[in-house]
Structure formats: C-alpha cells, structure tokens
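To start, the structure itself, in structure tokens.
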Amino acid sequence: MRKYEKYPLYIHNSLSRSKELFKAINPPHIGLYVCGPTVYSDVHIGNCRTFVSFDVVFRYLSHLGYQVRYVRNITDVGHLLDDGEDRMAKRAKVEQLEPMEIAQKYTNGFHKVMEIFNTLPPSIEPQASGHIPEQIEMVQAIIDNGYGYEKNGSVYFNTRKFASDSSVYGNLSGRVLDDLLQETRTLKNQDEKEDPADFAIWMKADDRHIMRWNSPWSVGFPGWHLECSAMSTKYLGKTFDIHGGGSDLKFPHHENEIAQNNGACGCSPANYWMHSNMLLLNGKKMSKSDGNTITPHQLFDGNSEHISKGYDPMTIRFFFLQAHYSSTLDLSDTALQAAEKGYKRLLNALPIAERLKDASVDGKTVDEELTQKIKDLCNQCYIEMCNDFNTAKTMAVLFEISSILNEIDQNPKLLTGLTTETLVELGETYVGFVEDVLGLKKEAEDTSKIGDVIEILIQLRQEARANKNWALSDQIRDQLLASGITIKDGKDGTTFSL
RNA sequence: GGUCGCGUGGCCGAGUGGCUAGGCAGAGGUCUGCAAAACCUUGUACGGCGGUUCGAAUCCGCCCGCGACCUCCA
C-alpha cells in the first residue's frame with residue numbers, strides 16, 4: 001500500500017478558493033507545473049521562497065509514493081517591459097551580450113542558487129525559446145477555434161468572446177471583464193486590439209527587436225503567457241494535476257494561460273491551482289527602486305544594511321518553511337536570528353534519529369504510553385503535511401519529536417521500554433521529514449586539515465584541564481572562539497563547531 | 001476607485017467554535033573548574049466595537065490599521 005492511499009491529501013485550490021481533497025488523474029502519476037523565472041537578471045529572494053515552497057510540494061508528493069513529473073519552465077522570450085521592449089533584449093543591450101547569453105548566464109545563476117537552497121531539479125525544465133513551433137501551433141489552434149485574430153502581423157486573444165462563450169474567464173483571479181476595462185493601462189499596440197481586455201499571443205517584431213522567429217503571421221515572437229500553455233500541454237498533457245506559481249501571477253498570467261488552453265483545446269490545463277504568497281522585507285514589499293531589497297548572496301554573506309550577519313542557506317530555507325506557503329512572510333534580521341537557532345535545534349536531534357534507524361532493542365516491558373505518543377507524533381507529521389502542505393505545523397511536531405529524541409539520548413534506559421519497530425519508525429520519520437520532505441540538510445562537515453588541528457588543540461586543552469591549568473585551557477578556548485571556533489564541553493568529551 | 005487577503009503574547013509564526021501550536025527572546029534548572037554549548041521546565045495572546053451562540057481569538061456586521069493584485073513581478 002502506497003502512503004498516499006493511507007493519508008488523504010488536501011490542497012487549497014485557488015480555483016475554488018477552498019481546501020479540496022486531492023484526486024490524481026492517473027495515480028500514481030502526477031503532473032506538476034510551476035511557473036519558473038524569467039531569466040533577465042539575478043534571481044530574486046522572493047522567487048526562491050516560491051520555488052522552495054513548490055520544492056516541498058514535489059518532495060512530499062514523491063514521499064507519499066506518487067511518481068511526479070515536475071515541469072518548471074525558463075522564460076527567455078516574450079516577457080516585455082512596459083515600453084514594449086523585451087526584457088531579455090534590454091538586458092542584452094546593457095551587458096553587450098547576445099540575448100541567449102543573457103538567458104544562459106542568469107539560468108546558470110538561478111540553478112546555482114536553487115542548488116544552494118537544496119531544491120531538487122525539476123523533471124523537465126523547458127525553455128520558451130526552445131518551444132517556438134509548439135507556441136505557433138497553439139496560436140494557430142486558437143485562431144482556428146475562433147478565439148484569436150490577426151492584426152498587422154500580430155495575433156490577439158479574443159478575451160471577450162472567450163468570456164461570453166465559456167464563463168471560465170476570471171474564475172481564477174475573481175476578475176470581472178467589465179471591471180478590467182476601466183483600469184487598463186496604455187500598452188503597446190493597444191489600438192490594434194478589438195477590445196482592451198484582449199492580449200497578444202503573437203507579436204510582430206519591429207526592426208530593433210532582435211529576438212524573432214518566422215511564423216504564418218509575421219516575423220515575430222510569442223506573447224508572454226503562451227509559453228506556459230504550450231509547454232505544459234506538451235509535457236503534461238491537455239489537463240494535468242497541479243499548477244503552481246506566485247500569487248502575483250494569478251492575474252493576468254494564469255488567467256490568460258487558462259484562457260489560451262481553453263481556446264486551443266477546449267479544456268482547462270490544471271485541476272488544482274496553488275499560489276504561494278509574497279515574501280516581504282521588514283514588513284514591506286521588496287522593491288529595487290526604494291532600496292528595500294536583498295539578494296540571496298547578500299543574505300548568505302551578510303553584505304546588506306538589512307541584516308547584521310550572513311545566514312546559512314538552510315537557515316533561510318527553515319525560515320521559509322516555518323510559515324505556510326500561502327501566507328505573506330516577513331523577512332527581517334531578528335526573524336532570521338530566531339530561525340537560525342531553531343534550525344540548529346532541529347538538526348541537533350538528527351544524529352540521534354539516525355542512530356535509531358538502525359537500532360535494535362529487545363524491550364522486555366513495553367512502555368505503552370511512550371510508544372503511543374511516538375506513534376501519534378509520527379502519524380501527525382503526515383496529517384499536517386496532508387493538510388495543504390502545512391510545513392509550519394509539521395515542524396512544530398518535529399520539534400516535539402526532537403524532545404523525545406533528546407530524552408532518549410540523555411536517558412538510554414527509555415530504550416528498554418520501546419520495541420525495535422517503534423524506534424525505527426521514530427528515527428525514519430524524523431530523518432525522513434527533516435531531510436527528504438522539508439529538504440533541510442546539514443552543511444557539509446569540514447573535513448579539511450583544520451579539523452585535525454583543532455582536535456590536537458582540544459587534546460592539549462584536555463591535558464591542561466587535567467592538570468587544573470585553567471589559564472592555559474581557557475586561553476586555548478578563548479583564542480579559538482576569537483577565530484570563530486566554538487569549543488563545547490559535553491558529557492562524552494569535547495566537540496567543536498566552526 | 002475595484003477585487004482579494006491579513007491584523008495572534010517582547011519578536012517571528014501556525015491554528016481551531018469549547019481541548020498545549022512551535023521557534024526565538026525572558027525566567028528557572030541539569031551538566032560544568034568557570035563558561036559556552038546542549039538539554040529540561042516555564043509565564044504572557046488573539047486590532048476596536050457590536051451581534052449570533054450555552055460558549056468566539058475562531059462565524060456575522062461595522063470601524064481602525066496593514067498588505068497584495070488590477071495587463072512588469074515568484
């Protein structure tokens with residue numbers, strides 16, 4: 001029996017604005033599509049939160065026994081600025097590089113940061129520019145179905161017709177078409193549209209536009225929302241299980257994505273839509289223009305006015321997961337400091353759990369109460385994660401489990417009251433949720449020679465202590481501390497941390 | 001202006017119509033030559049005013065405050 005049969009999963013579906021029992025279309029397979037970044041500059045820490053959130057979704061679905069095809073795209077074409085200039089092209093001009101060099105450069109940087117945050121790579125990571133034929137086909141299908149029209153070489157989606165035919169438009173974002181018309185901004189080629197709510201699915205390239213492809217309508221490029229529609233269809237089918245993305249993409253991006261899929265094939269792309277919420281900095285939206293922003297690397301090395309020191313990437317991951325993905329989260333120095341200690345605490349119990357995984361005891365008299373408590377807590381981890389991926393609550397349960405682990409560690413007598421099975425479950429659940437589901441991992445141990453040197457110093461200090469030479473022992477400890485090396489005297493000897 | 005969401009103890013942050021969230025900080029303790037670290041124990045709460053209810057921080061209304069989206073955004 002797979003775990004997902006034992007633990008029903010509930011997901012807050014943005015489409016219905018309520019929590020729904022999750023039913024996979026074709027279990028054990030699941031199609032998961034998440035809108036990836038537009039690679040025109042360094043990845044934003046807010047993006048990182050979103051991708052960490054969906055990384056946990058991917059990890060947990062897999063943990064439950066589903067076979068997940070996780071598609072996360074790279075948008076490298078079609079995403080325009082207000083003035084109609086392509087984001088990639090503009091950056092290429094600034095950096096004096098080919099647009100594809102820009103895409104590659106920032107894709108590489110994105111991957112590096114994702115790896116630092118210990119997110120698993122998606123199953124497929126398609127690039128928009130690599131799927132121009134698919135997008136052209138989709139435009140054609142939309143035209144054939146009467147939901148697209150060509151004007152001067154550009155093709156627009158007929159939003160009003162779609163809205164009146166299907167009553168699908170606006171369901172996700174709660175928009176009413178007529179309200180949209182009121183506040184429509186002045187955009188490029190607005191006069192070509194039959195209706196202000198229409199949006200471009202293919203755009204004719206003007207002379208200075210260097211990213212261009214041949215199409216039946218013009219030499220041009222696809223509209224921004226189209227790549228997700230085309231690529232999700234290609235790799236996950238016309239209708240798949242879960243579509244995710246940041247809440248700021250709900251409108252217009254996701255709404256239009258749904259419209260395009262319906263327009264092309266008559267069905268909506270995903271059964272469940274998940275939206276992760278925004279990361280704030282000191283209570284406010286991050287914004288480059290007013291300086292209220294911080295990059296991942298600044299967070300790591302502490303090089304920012306907003307923080308007092310650098311933070312371990314896993315501390316930041318822990319910090320993200322302490323909140324629910326659907327809530328806004330306020331990043332601040334004090335919050336990170338708290339997370340740092342909490343994260344350490346969670347990890348300190350990990351070696352104990354590791355040992356229990358291979359434990360073998362023969363409990364003469366079973367401690368029913370403790371056994372039940374352990375079973376309940378282990379079970380609770382699944383219940384909380386199945387409740388719309390509530391990582392915050394899951395971590396609270398893990399902290400409770402860590403207390404038991406510490407208790408066992410300090411009082412090995414407790415082991416005699418537990419069966420091997422219980423201990424293994426305890427160890428496997430803790431390690432499984434901390435490492436596999438939440439994706440928290442210990443930073444690589446420093447195995448360099450410095451470790452050996454410190455061990456020698458610790459030995460010398462031990463000798464000094466044995467001779468009650470406190471002056472020398474304290475000198476070793478204090479000077480090591482001054483270099484950032486902490487000496488910890490424990491019951492079973494002395495350890496250190498860098 | 002329109003739409004949606006939020007307001008929880010010193011801080012961060014879950015959550016539910018009645019039952020301990022959790023983490024950090026604070027307090028007390030264990031350990032220790034002293035310390036640090038680690039671990040254990042522990043207090044404080046639900047923006048304001050009304051209403052529904054046996055009972056609401058949780059549901060409803062109003063008010064105050066904050067935020068997001070409204071064709072750039074994860």
Side-chain angles (χ1 to χ4, degrees), chain A residues 17 34-38 40 43-54 79-83 87 159 170 173-176 178-180 182-188 190 196-200 223-225 244-253 255-256 275-280 283-288 318-319 322-324 326-332 334-346 348-349 384 387 390-400 402-403 406-407 409-411 465 468-470 473-474 477-478 481 486-491 494-497:
Chain A
R17 292 172 189 74
V34 173
C35 288
T38 301
Y40 67 101
V43 66
H44 180 57
I45 186 67
N47 293 4
C48 296
R49 183 198 179 193
T50 296
F51 298 132
V52 165
S53 295
F54 287 108
H79 201 159
L80 304 185
L81 291 155
D82 271 357
D83 61 4
R87 285 167 179 276
T159 306
S173 60
R175 303 297 144 131
V176 178
D178 287 326
D179 293 344
L180 290 178
Q182 317 259 328
E183 288 290 328
T184 299
R185 284 204 263 156
T186 313
L187 286 167
K188 201 191 173 207
Q190 199 68 293
D198 296 349
F199 55 93
W224 171 38
H225 317 297
S247 61
D248 50 350
L249 291 181
K250 228 188 229 182
F251 189 87
H253 184 62
E255 196 68 75
N256 289 352
H275 287 95
S276 63
N277 217 322
M278 299 294 101
L279 182 67
L280 308 178
K284 284 191 198 128
K285 184 188 171 174
M286 286 193 217
S287 149
K288 278 183 193 167
F318 172 92
F319 170 70
Q322 248 192 331
H324 192 253
S326 66
S327 300
T328 52
L329 174 62
D330 190 7
L331 185 91
S332 66
T334 49
L336 285 173
Q337 282 179 14
E340 185 171 55
K341 299 213 173 168
Y343 171 60
K344 243 183 175 174
R345 193 178 157 82
L346 201 64
N348 276 335
E384 300 300 354
N387 184 12
N390 194 331
T391 52
K393 203 66 197 285
T394 304
M395 282 212 239
V397 178
L398 289 172
F399 274 110
E400 288 189 52
S402 77
S403 286
N406 288 325
E407 224 178 314
D409 191 46
Q410 304 218 325
N411 183 11
R465 293 177 73 203
K468 296 201 196 292
N469 186 350
W470 310 129
S473 74
D474 288 358
R477 181 179 67 198
D478 296 344
L481 186 64
T486 310
I487 294 294
K488 303 173 193 174
D489 294 331
K491 248 184 187 165
T494 301
T495 56
F496 69 94
S497 65

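The chains referred to below are lettered A, B, ... by the order of the sequence lines, with proteins before strands, and numbering in each begins at 1.
Close to B/G23, at under 4.0 Å from its OP1 or OP2, lies a side-chain N or O of A/Arg345. Taking 4.0 angstrom as the limit, A/Lys341 places a side-chain polar atom (N or O) nearer than this to OP1 or OP2 of B/A25. For A/Asn390, a side-chain nitrogen or oxygen approaches OP1 or OP2 of B/G15 to under 4.0 Å.
The aromatic ring of A/Phe51 is not stacked on the base of B/A74, since the criterion of ring centres less than 5.5 Å apart with planes inclined by under 30° is not met.
The residue A/Leu329 sits close only to the backbone: its heavy atoms come under 4.0 Å of sugar-phosphate atoms, none of a base. Among the atoms of the strands shown, only primed sugar atoms or phosphate atoms (P, OP1, OP2) are found under 4.0 Å from some heavy atom of A/Asp330. A/Ser53 comes within 4.0 angstrom of nothing in the nucleic acid, heavy atoms only. Among the protein residues, A/Lys468 comes within range of no part of the nucleic acid, since none of its heavy atoms lies under 4.0 Å from any strand. Contacts of A/Gly245 with the nucleic acid, taken as non-hydrogen atoms under 4.0 Å apart, involve only primed sugar atoms and P, OP1 or OP2. Residue A/Ser403 is classed as a sugar-phosphate contact, given heavy-atom separations below 4.0 Å to backbone atoms only.
When the nucleotides B/G23, B/A21, B/A74 are ranked by their closest atom to the side chain of A/Phe399, B/G23 comes out on top.
B/G15 and B/C59: their P atoms are spaced 12 Å apart (whole Å).
A/Phe399 and A/Phe318 have perpendicular rings, their planes meeting at more than 60° on a 0 to 90° scale where under 30° would count as parallel.
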